[in-house]
Engineer: 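Can you keep this structure in mind? I'll have questions shortly.
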Amino acid sequence: MHKLTDNADDLILKTLLSATPLFVSGSVIASELGVSRAAVCERLKHFRQQGFSIEAKTHRGYRIVEEPGRPHLALIKAYLSKQYQTQIPLSCFDCIDSTNDEAERQRAQGQQAPFVVIACKQTKGRGRMGRQWHGSEEGNAYLSFGFQPRLSPQRMQRFTLWIGIKVCDFLNKYTGLPLMIKWPNDLMLEGKKVGGILTEAHVDTEQIRDLVLGLGVNVNSNCRNWPKELYDKATSLSEALNRPLALNPLLAEITQTCLKAYHTFTESCVRDQLFTHWRDYDSLWKKPIRVQPGKVSLTGIAEGIDENGALLLRRDDKELVALNAGEVSIRTTL
Ligand code: BTN
């Protein structure tokens, strides 16, 4: 008999998950891991303390009846495909200042990229343009990716747009909800914000050295408890679906989606695909908008993005301008 290895928890959970709704006998799990049945029982007891409900039946074995509603490291790994399960360093925190900050700290300590940081809660979650990202509620997705892409800084804008549409595309298929993107990286659902992306980079003279991509998605927020100003502007997937979503498989799928999207972007020129997909999900397309790139605001009609991912605005005097930054709002009164 061997001692339990570091990834024993992921393997036990993977075995149970792949058999669901059937039972798996304790001796099968024990022999697959090369450990005693008592060691397996001990781990199952530990899982129960962590919020799993595991049914045990004599002569049949065990099966998972309910998973924890908060992120669980071994469970997320068990949901990942083999390639990512073994190759991508993943850490999961109960409560952290910001997953983006933690990713930066891990990079500074020499963590090999790509890697992923997930948290149940954040105390200092950050959004774009210095805004706060509320992270005190559990049941939502707060995660960051550490990348070392070796891209020219000019391609960074396109990279975040690319990840945004890939996440949007995945969530549409996964939930059946009609999510769209508001330039540059707001995930929108019927006019309300449901998630956002914050990309932060360290740039050497010619190349992006380190890049942290943070993603927040309101998955199971009970929006009815929010202040009215927030409820008018934001929503959650569970609110739209009228049912809670299992967080751990969703986190695993989002993780895989972003890692795959990263590899496609760094290996090939996704320019054409970006344009096609962007048009499919562009919530601003041909809408009257106001953009605030600095102190003055510009008005006009949104006409998609240019080859660098800048927002194209057809101004009221018909001039077409490309904007690289700014707060965008849809004008309800012209
Ligand atoms: C925005 O819409 O302004 C971007 C929001 C990004 C929020 C996420 S939550 C996980 C990661 N950690 C942070 O501090 N921010 C990002």
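When a ligand or atom number is given, it counts from 1 through the structure's own listing order.
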Engineer: Is a donor on one side and an acceptor on the other found under 3.5 Å between the side chain of Ser144 and the backbone of Asn100?
Structural biologist: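 Checking the backbone N and O of Asn100 against the side chain of Ser144, a donor-acceptor pair under 3.5 Å is found.
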Engineer: Within ligand 1, which atoms have a heavy atom of Ile197 less than 4.0 Å away?
Structural biologist: 4 (C)
Engineer: Given the ring of Tyr231, does Lys192 sit roughly above its face, with NZ or CZ under 6.0 Å from the centre of the six-membered ring and within 45° of the axis?
Structural biologist: yes
Engineer: For ligand 1, does Asp101 get within less than 4.0 Å through its side chain, its backbone, both, or neither, judged by non-hydrogen atoms?
Structural biologist: neither
Engineer: Identify which of Gly130, Gly216, Ala141, Ala234 has a heavy atom lying nearest to atom 8 (C) of ligand 1.
Structural biologist: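 Comparing heavy atoms across Gly130, Gly216, Ala141, Ala234, the nearest one to atom 8 (C) of ligand 1 lies in Gly216.
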Engineer: Let me know which of Val217, Ile118, Val219 forms a side-chain contact (heavy atoms from CB on, under 4.5 Å) with Leu251.
Structural biologist: Ile118
Engineer: With rounding to the nearest 0.5 Å, note down the distance linking CD1 in Ile181 to CD1 in Ile197.
Structural biologist: 6.0 Å
Engineer: Would you check if there is a donor-acceptor pair between the side chains of His46 and Gln50 at a distance under 3.5 Å?
Structural biologist: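 Indeed, the side chains of Gln50 and His46 share at least one donor-acceptor pair under 3.5 Å.
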Engineer: If the threshold is 4.0 Å, N to carboxylate O, is there a salt bridge linking Asp94 and Arg70?
Structural biologist: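 Counted as a salt bridge, because a side-chain N and a carboxylate O are separated by less than 4.0 Å.
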Engineer: Is the closest basic N to carboxylate O distance between Arg224 and Glu239 below 4.0 Å?
Structural biologist: yes
Engineer: So which heavy atom in the protein is nearest atom 5 (C) of ligand 1, and how far is it from that ligand atom?
Structural biologist: Trp133 CE3, 3.4 Å
Engineer: Judged by non-hydrogen atoms, does Lys193 sit under 4.0 Å from ligand 1?
Structural biologist: yes
Engineer: Taking only heavy atoms of Gly125 into account, list the atoms of ligand 1 that are under 4.0 Å away from them.
Structural biologist: 14 (O)
Engineer: How does Ser144 reach ligand 1, by side chain, by backbone, by both or by neither, if only non-hydrogen atoms under 4.0 Å count?
Structural biologist: side chain
Engineer: Less than 3.5 Å between some nitrogen or oxygen of Ser98 and one of ligand 1, yes or no?
Structural biologist: yes
Engineer: With distance as the sole test, does Trp162 use its side chain to make a donor-acceptor pair with the main-chain N or O of Ala261 at under 3.5 Å?
Structural biologist: yes
Engineer: Which of the numbered atoms in ligand 1 are under 4.0 angstrom from any heavy atom belonging to Gly127?
Structural biologist: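 What qualifies from ligand 1 is 1 (C), 3 (O), 4 (C), 5 (C).
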Engineer: What residues form a side-chain contact (heavy atoms from CB on, under 4.5 Å) with Glu229, not counting sequence neighbours?
Structural biologist: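 Glu229: side-chain contact (heavy atoms from CB on, under 4.5 Å) contacts with Pro227.
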Engineer: Numbering the atoms of ligand 1 from 1, which are under 4.0 Å from a heavy atom of Gly214?
Structural biologist: 11 (C), 16 (C)
Engineer: Just say parallel, tilted or perpendicular for the rings of Phe147 and Phe159, cut-offs at 30° and 60°.
Structural biologist: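 Perpendicular.
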Engineer: For Arg126, is at least one N or O under 3.5 Å away from an N or O on ligand 1?
Structural biologist: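 N/O-N/O distance under 3.5 Å: yes.
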Engineer: Between ligand 1 and Gln122, is the shortest N or O to N or O distance under 3.5 Å?
Structural biologist: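 By distance alone, the answer is yes.
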Engineer: Please work out, at 4.0 Å between heavy atoms, whether the side chain, the backbone, both, or neither of Leu143 comes within that distance of ligand 1.
Structural biologist: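 It is the backbone that touches ligand 1; the side chain stays farther off.
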Engineer: If I apply the N/O under 3.5 Å rule, does Thr99 come out as touching ligand 1?
Structural biologist: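 Among all N and O atoms of Thr99, at least one is under 3.5 Å from an N or O of ligand 1.
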Engineer: Mark up the atoms of ligand 1 that fall under 4.0 Å of a heavy atom belonging to Asp186, in ascending order.
Structural biologist: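 Result: 2 (O).
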Engineer: Give the residue, atom name and distance (to 0.1 Å) of the protein heavy atom nearest atom 3 (O) of ligand 1.
Structural biologist: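 Among all protein heavy atoms, the one nearest atom 3 (O) of ligand 1 is Arg128 N, 2.6 Å.
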Engineer: Do ligand 1 and Arg131 have nitrogen or oxygen atoms that lie under 3.5 Å from each other?
Structural biologist: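 N/O-N/O distance below 3.5 Å does not exist for this pair.
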Engineer: Would you confirm whether the ring centroid of Phe145 sits within less than 6.0 angstrom of the ring centroid of Tyr262?
Structural biologist: no
